[in-house]
Amino acid sequence: MQQTNPAAVGSYLRGLQQSIIAAVEKADGGTCLHDAWHKAPGEPLQGNGLTCILEGGALFERAGCGFSQVRGPKLPPSATQNRPELAGAPFEAMGVSLVFHPRNPYVPIVHMNVRMLAALPEGGEPVCWFGGGMDLTPCYGFEEDAVHFHTVCRDALAPFGDDKYPRFKTWCDEYFFLKHRNEQRGIGGIFFDDFAEGGFENGFALIRSVGDALLPAYLPLVERRRHTHYDEREREFQLYRRGRYVEFNLVWDRGTHFGLQSGGRTESILLSMPPLASWAYRQQPEPGSPEAALYSDFLPRRDWL
């Protein structure tokens, strides 16, 4: 029988959320709203969570980090794409998810998620797996920033086998891809799902390593770019690129689909949305510009290490 310890996972995730929020408040100088929530009896899901969000800050225009721990009577389709034998099984899911939208266009957007999902098939043993990762979405690319971010991702995965970084890096590139535009969302990072290799303890250790790597991967880039001068041109391009972020999250993201399909809390599910975004018809960057370099030098899939 598979040995699982959801209570330990929940304890780690709550602590991870608090450490990240403390770092965000320190870097920004603002204070996050702490919104604890509980799913009432009779709703599609049961459970609770804490949504922490900073809006209108000096550094972050919007920074959201949410923890949730929920149970439901039936796994939604988005969770059983690779495990059809578990379709319709009761489940428990918990995780921390964050997206930070900085005010300065030279500071990249970051996303991170670590989670555990356990299916409880009738008459069978619990089936537990893990998922998560982190990825970087710059509006203006810098080679040294991309190398740093991917180096920390690689090092976080190194204890779990030399195959993990190249495998999860490729998975990230394939996942965070806007199929309708034939365009990457950003410069990637690492992504994994349905991970059960080595059993519960190995999967739990993996998400701890990834979760703990977020701040070392991201904060040095924030400090490097936060005081870079920008004007209306960069701001307009930032809002335009945020539109791509919205498109991916609403059209393709499995996490968004899982939350909405399972009856999750909409405000918490959509904390990843930027406060402002824009769209323009067939916008083309000026050849040779920093905006054009994003498309030619950073968005195409490449090895950063």
Side-chain angles (χ1 to χ4, degrees), residues 20-21 23-33 53-65 98-112 134-152 176 178 181 183-189 214-250 270-300 302 304:
I20 290 173
I21 288 301
V24 166
E25 292 180 333
K26 181 179 179 181
D28 185 276
T31 302
C32 289
L33 168 71
I53 189 162
L54 187 153
E55 295 188 287
L59 172 61
F60 294 109
E61 198 166 3
R62 193 169 204 239
C65 181
L98 65 83
V99 175
F100 298 161
H101 291 284
R103 186 175 296 280
N104 190 313
Y106 288 97
V107 181
I109 301 168
V110 72
H111 158 258
M112 191 276 289
M134 67 177 87
D135 64 286
L136 201 69
T137 305
C139 299
Y140 292 90
F142 295 92
E143 186 102 7
E144 61 268 34
D145 291 2
V147 170
H148 172 83
F149 190 81
H150 278 268
T151 297
V152 176
F176 292 105
L178 287 86
R181 292 190 182 274
E183 179 182 295
Q184 297 297 135
R185 186 173 83 172
I187 64 163
L214 181 275
L215 295 176
Y218 184 60
L219 287 184
L221 311 184
V222 172
E223 294 307 315
R224 191 181 293 167
R225 307 297 169 193
R226 64 183 297 175
H227 299 300
T228 304
H229 175 76
Y230 67 93
D231 57 25
E232 192 59 29
R233 168 179 157 170
E234 288 96 337
R235 175 63 169 171
E236 289 179 358
F237 188 63
Q238 178 192 45
L239 297 184
Y240 177 69
R241 289 302 306 172
R242 282 180 179 176
R244 295 288 207 269
Y245 210 89
V246 172
E247 289 178 22
F248 179 86
N249 282 19
L250 295 183
L270 298 181
L271 65 76
S272 63
M273 295 295 104
L276 295 170
S278 69
W279 284 261
Y281 183 70
R282 301 187 68 181
Q283 183 183 87
Q284 296 294 325
E286 180 182 345
S289 67
E291 291 81 12
L294 177 72
Y295 295 95
S296 62
D297 300 345
F298 291 90
L299 293 184
R302 57 181 284 194
W304 291 103

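Please read all numbers here as calculations on a predicted model, not as lab measurements.
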Return the set of residues passing side-chain hydrogen bond (donor to acceptor under 3.5 Å, both in side chains) with [X] (not counting sequence neighbours), or none when no residue passes.
X	result
Ser272	Asn249
Glu55	Arg62
His101	none
His148	none

* Asked: Can the ring centres of His111 and Phe176 be said to be less than 6.0 Å apart?
  ->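 Ring centres of Phe176 and His111 closer than 6.0 Å.
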
* To do: With sequence neighbours excluded, tell me which residues meet side chain to side chain contact (heavy atoms under 4.5 Å, CB included) with Phe142.
  =>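 Only Tyr106, Tyr140, Glu144, Asp145, Arg225 meet the side chain to side chain contact (heavy atoms under 4.5 Å, CB included) criterion with Phe142.
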
* Asked: Residues in side chain to side chain contact (heavy atoms under 4.5 Å, CB included) with Thr151, at least two apart?
  ->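 Listed in chain order: Val147, Arg154, Asp155, Leu305.
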
* Pairs satisfying ring-ring contact (aromatic ring centres under 6.0 Å, His included), at least one member in residues 272-297, at least two apart ->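 ring-ring contact (aromatic ring centres under 6.0 Å, His included) check on residues 272-297 returns no pairs.
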
* Using the salt bridge (Lys or Arg N to Asp or Glu O under 4.0 Å) rule, collect all pairs that involve residues 236-245, keeping only residues at least two apart or in two chains. =>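 Qualifying pairs: Glu61-Arg242, Glu183-Arg241, Glu183-Arg244.
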
* Qualifying salt bridge (Lys or Arg N to Asp or Glu O under 4.0 Å) pairs with a residue from residues 270-289, counting only residues at least two apart or across chains ->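 Qualifying pairs, neighbours excluded: none.
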
* **Set of residues satisfying salt bridge (charged side-chain N to carboxylate O under 4.0 Å, His left out) with respect to Glu234, sequence neighbours excluded** =>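 Not a single residue meets the salt bridge (charged side-chain N to carboxylate O under 4.0 Å, His left out) criterion with Glu234.
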
* To do: Would you please name every residue forming a ring pair (Phe, Tyr, Trp, His ring centres under 6.0 Å) with Phe60, sequence neighbours left out?
  =>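 Residues passing ring pair (Phe, Tyr, Trp, His ring centres under 6.0 Å) with Phe60: Phe100.
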
